[in-house]
Amino acid sequence: MESRDISVWLDKRWYAALSRHLDGGTVEDQLDRYLKELISQLPKEEYDQISREIQEEDLRQQQEIETAKKFSAFHVREHGQEEYFQLERPWDVLNAASILREYLRKDKQDSFSDFCGIRQRITAGEFDRLVGAHMENPKKVTGAFTLDFDKKEFSTVDAANGWRSYFMQDVSVAAYRAFRAEGLSERQRMARFTERLADCEIGSAGHLSARQVSFAEEISEIDGRLNFYMETNFDVDAVFGTHVCTDENDDCLNVYADYDMTVGQVCDELEVDLHRADGRVESVPYTLNAAEKTVLLRKMDEYCQRQTGMTLKDYSAQRMAEDLEPDQGQEPKVVCPISVFRVTQDGRTDHLLAEGGAAMDTLHTALRLRAYLVEKGDGSQRFAEALPAADHIAPEVFQDYADEMQQGAGQVSAALDIDLDRGTFSTMAGADGWQTYTVSDVLAAAWNATIPHWSDREARRCVFAEQLEGKLVDQEPTGITPPAGPVM
């Protein structure tokens with residue numbers, strides 16, 4: 001806003017006299033009031049127009065000041081206490097690392113938050129918003145960091161790759177290396193810093209990074225969401241708080257990420273299924289933050305283009321359009337997986353059918369049978385009763401589905417003949433017909449297929465099939481011994 005200076009020259013004796021006799025205020029205050037009174041006497045239209053122009057100019061100036069401000073955001077956990085705050089200082093990862101090193105080397109009399117000086121406390125939600133802002137505009141929010149002094153972890157958001165986590169000691173050493181030499185430019189210091197940390201990245205809960213996100217298998221659709229199966233070839237224990245990367249148990253994880261096609265966003269939570277060695281399945285909660293959702297969205301789009309040749313947005317639009325297409329006078333064909341079982345136990349034979357989510361392939365059935373035999377003991381429940389959501393069908397219906405699978409028609413995912421009295425496990429292998437194995441061989445193959453190293457389902461199926469090669473039996477053995485060892 002342009003202003004004009006108005007100078008009034010007044011003899012100092014007049015000024016002193018006026019000051020003594022004015023009823024409150026100074027000579028300047030009186031002159032200011034007089035000018036305002038003169039302004040108020042202007043024509044109303046002209047007065048209103050100039051007032052609006054001044055207000056708009058003031059607002060633009062304030063917005064420019066706010067736009068010019070740069071922030072960095074922190075989440076600090078220390079001695080069991082958490083604090084979120086922002087600094088009106090353009091700190092990047094090198095600045096934050098330098099401050100961390102200085103703090104770690106001093107005699108601690110205050111917290112790291114106090115050590116950072118004047119700060120504005122914010123909520124966890126506001127911190128997450130600033131994390132998202134940094135991913136979109138790193139020039140405005142120059143850095144977002146989580147410093148966990150209880151775990152000795154330092155996590156920073158990289159605008160291109162999302163979270164990166166390191167041990168604090170490694171960050172401190174990298175900062176020392178960056179600032180050790182004199183006369184280096186900021187770019188040179190940053191290069192030395194990142195080079196030192198190149199092989200030091202770790203897994204950290206709440207800080208899923210781009211290098212940990214990869215997908216496998218087909219993209220499926222469930223209730224308006226695209227479902228992506230995540231590979232688990234990283235330290236899942238550090239990220240999800242589980243205990244599967246160990247020889248102490250045979251637990252394993254399946255992880256899925258969902259994309260809501262209606263709103264065009266990654267869903268707020270991952271689906272993390274912990275498969276216990278005894279057959280139980282537990283859900284592990286994991287809520288995504290802004291950086292993780294941004295990374296997942298980018299990775300989903302890349303994977304979708306490789307799988308379908310379309311962007312995630314275009315593929316979603318096509319799928320939703322297909323769902324809305326009229327049926328053209330015909331009922332839409334719903335493909336629902338089906339598995340059928342013939343189970344013989346204690347002289348009784350049951351024929352069963354399971355549909356949809358209850359349908360199981362051969363490996364899944366073998367794992368459930370193993371868990372049943374280990375847990376059975378002297379219990380009276382039969383295996384047919386232990387199959388979830390399975391309905392009884394007539395023997396001829398079972399045979400029709402088995403024939404259908406042999407001919408390669410329909411949606412039958414498995415046709416199985418399990419004779420626990422004789423100890424045999426038969427599976428329909430398409431045109432090759434029935435293939436029979438001993439129950440013991442099938443259960444051993446299933447156990448080997450669930451070694452934690454084999455993280456995706458297709459790999460487990462391959463191991464299962466390899467374990468059964470050369471194990472076909474011509475004669476049906478009599479009797480079965482429950483498996484020993486861990487339950488799968």
Side-chain angles (χ1 to χ4, degrees), residues 69-78 85-108 110-117 119 127 130-213 234-235 238-239 289-292 294-295 298-299:
K69 289 181 179 179
K70 295 183 178 181
F71 301 93
S72 49
F74 286 80
H75 170 206
V76 177
R77 183 181 292 112
E78 192 171 11
F85 61 88
Q86 70 178 31
L87 301 175
E88 199 173 316
R89 276 164 269 172
W91 282 1
D92 60 13
V93 63
L94 193 54
N95 299 129
S98 176
I99 293 299
L100 171 65
R101 176 173 176 79
E102 186 178 348
Y103 176 70
L104 292 176
R105 291 170 58 83
K106 69 182 288 294
D107 294 331
K108 311 253 186 331
D110 50 14
S111 66
F112 178 81
S113 301
D114 292 332
F115 189 71
C116 289
R119 62 195 184 278
F127 174 79
L130 290 172
V131 167
H134 175 69
M135 293 287 287
E136 295 176 3
N137 184 8
K139 292 184 178 180
K140 177 65 175 176
V141 180
T142 58
F145 313 95
T146 294
L147 280 71
D148 192 331
F149 288 90
D150 296 341
K151 291 184 178 180
K152 308 299 181 186
E153 293 179 1
F154 175 100
S155 300
T156 178
V157 179
D158 182 301
N161 300 296
W163 287 104
R164 293 183 182 273
S165 298
Y166 310 93
F167 288 118
M168 285 184 172
Q169 185 58 37
D170 290 333
V171 174
S172 177
V173 172
Y176 168 73
R177 175 179 172 80
F179 287 95
R180 180 177 58 181
E182 297 290 339
L184 297 180
S185 67
E186 284 298 309
R187 179 174 294 183
Q188 290 172 321
R189 293 190 192 282
M190 182 64 76
R192 292 168 68 94
F193 178 75
T194 54
E195 180 184 0
R196 176 61 180 78
L197 289 176
D199 299 321
C200 298
E201 197 168 341
I202 62 172
S204 176
H207 305 107
L208 197 63
S209 69
R211 71 179 181 85
Q212 296 166 326
V213 177
F234 57 92
D235 188 352
V239 175
N289 55 53
E292 292 172 320
T294 299
V295 165
R298 293 171 183 172
K299 292 282 190 175

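When reading the values below, keep in mind they use all heavy atoms of this one structure, side chains included, and skip hydrogens, waters and symmetry mates.
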S.K.: Please determine whether side-chain contact (heavy atoms from CB on, under 4.5 Å) holds for the pair V213 and R298, giving the CA-CA distance in whole Å, both sets of side-chain angles, and the decisive distance to 0.1 Å.
M.R.: CA-CA 10 Å; V213 177; R298 293 171 183 172; over 6 Å; no
S.K.: To the nearest 0.5 angstrom, please state how far the OG1 atom of T142 sits from the NE2 atom of H134.
M.R.: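 NE2 of H134 is found 7.5 Å from OG1 of T142.
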S.K.: Quick check for you: to the nearest 0.5 Å, what is the distance between H207 atom NE2 and T146 atom OG1?
M.R.: 3.5 Å
S.K.: So, does E292 use its side chain to make a donor-acceptor pair with the main chain of N289 at under 3.5 Å?
M.R.: yes
S.K.: Can you establish whether the number of heavy atoms outside K140 located under 6.0 Å from its atom NZ is more than 12?
M.R.: yes
S.K.: Work out which heavy atom in F179 is nearest to a heavy atom in S98; give both atom names and the distance.
M.R.: CE1-CB, 3.9 Å
S.K.: For the atom pair CG (D235) and OG (S204), what is the distance rounded to the nearest 0.5 Å?
M.R.: 10.0 Å
S.K.: For atom NZ of K69, decide whether the heavy atoms of other residues, nucleotides or ligands shown that lie under 6.0 angstrom number more than 12.
M.R.: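 Atom NZ in K69 is crowded, with more than 12 foreign heavy atoms closer than 6.0 Å.
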S.K.: Which pair of non-hydrogen atoms, one from D158 and one from R164, has the smallest distance, and what is that distance?
M.R.: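 That closest heavy-atom pairing would be OD2-NE, 3.7 Å.
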S.K.: How about D199: does its CG atom have over 12 heavy atoms from other parts shown lying under 6.0 Å from it?
M.R.: no
S.K.: Could you pull out the closest heavy-atom pair between I99 and F115, with the gap in Å?
M.R.: O-CE2, 3.8 Å
S.K.: For the pair L208 and V295, evaluate side-chain contact (heavy atoms from CB on, under 4.5 Å) and give the outcome as yes or no after the intermediate values.
M.R.: CA-CA 9 Å; L208 197 63; V295 165; over 6 Å; no
S.K.: So does Q188 have more than 12 non-hydrogen atoms from other groups sitting under 6.0 Å from CD?
M.R.: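 Count over threshold, so yes.
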S.K.: Does some side-chain heavy atom of Y166 sit less than 4.5 Å from a side-chain heavy atom of E153?
M.R.: no
S.K.: Parallel under 30°, tilted from 30 to 60°, perpendicular over 60°: which one fits the rings of F154 and F145?
M.R.: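 Answer is tilted, since the angle falls between 30° and 60°.
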S.K.: How would you list all residue pairs meeting salt bridge (Lys or Arg N to Asp or Glu O under 4.0 Å) that involve residues 89-98, not counting sequence neighbours?
M.R.: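 Sorted pair list comes back empty.
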S.K.: Locate the shortest heavy-atom distance separating R192 from R177; write the atom from each residue and the value.
M.R.: NE-O, 3.2 Å
S.K.: Is the closest side-chain heavy-atom distance between S209 and F234 below 4.5 Å?
M.R.: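 No, every pair of side-chain atoms sits at 4.5 Å or beyond.
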S.K.: Hey, can you tell me if F149 and Y103 have their rings parallel, tilted or perpendicular (30° and 60° cut-offs)?
M.R.: perpendicular
S.K.: One pair to check against side-chain contact (heavy atoms from CB on, under 4.5 Å): V173 and Q169. What are the steps and the verdict?
M.R.: CA-CA 6 Å; V173 172; Q169 185 58 37; 3.7 Å; yes
S.K.: If you count every heavy atom of other residues, nucleotides or ligands that lies below 6.0 Å from Y176 atom OH, does the total exceed 12?
M.R.: no
S.K.: Out of curiosity, F112 CZ to L147 CG, how far, rounded to the nearest 0.5 Å?
M.R.: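 Between atom CZ of F112 and atom CG of L147 there are 5.0 Å.
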S.K.: Out of curiosity, S172 OG to R105 CZ, how far, rounded to the nearest 0.5 Å?
M.R.: 7.0 Å
S.K.: Quick check: closest heavy atoms across V239 and G203, and the distance to 0.1 Å?
M.R.: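 Heavy-atom minimum between the residues: CG2-CA, 4.4 Å.
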S.K.: To the nearest 0.5 Å, tell me how far R77 CZ sits from S113 OG.
M.R.: 12.0 Å
S.K.: Might you work through the side-chain contact (heavy atoms from CB on, under 4.5 Å) test for L100 and L104, ending with a clear yes or no?
M.R.: CA-CA 6 Å; L100 171 65; L104 292 176; 3.9 Å; yes
S.K.: Is the distance from the ring center of F85 to that of F74 below 6.0 Å?
M.R.: yes
S.K.: Under a 3.5 Å threshold, yes or no: a donor from one side chain and an acceptor from the other, between S111 and E78?
M.R.: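 Absent: no donor and acceptor within the cut-off.
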S.K.: How close do G206 and W163 get, heavy atom to heavy atom, and via which atoms?
M.R.: O-NE1, 3.8 Å
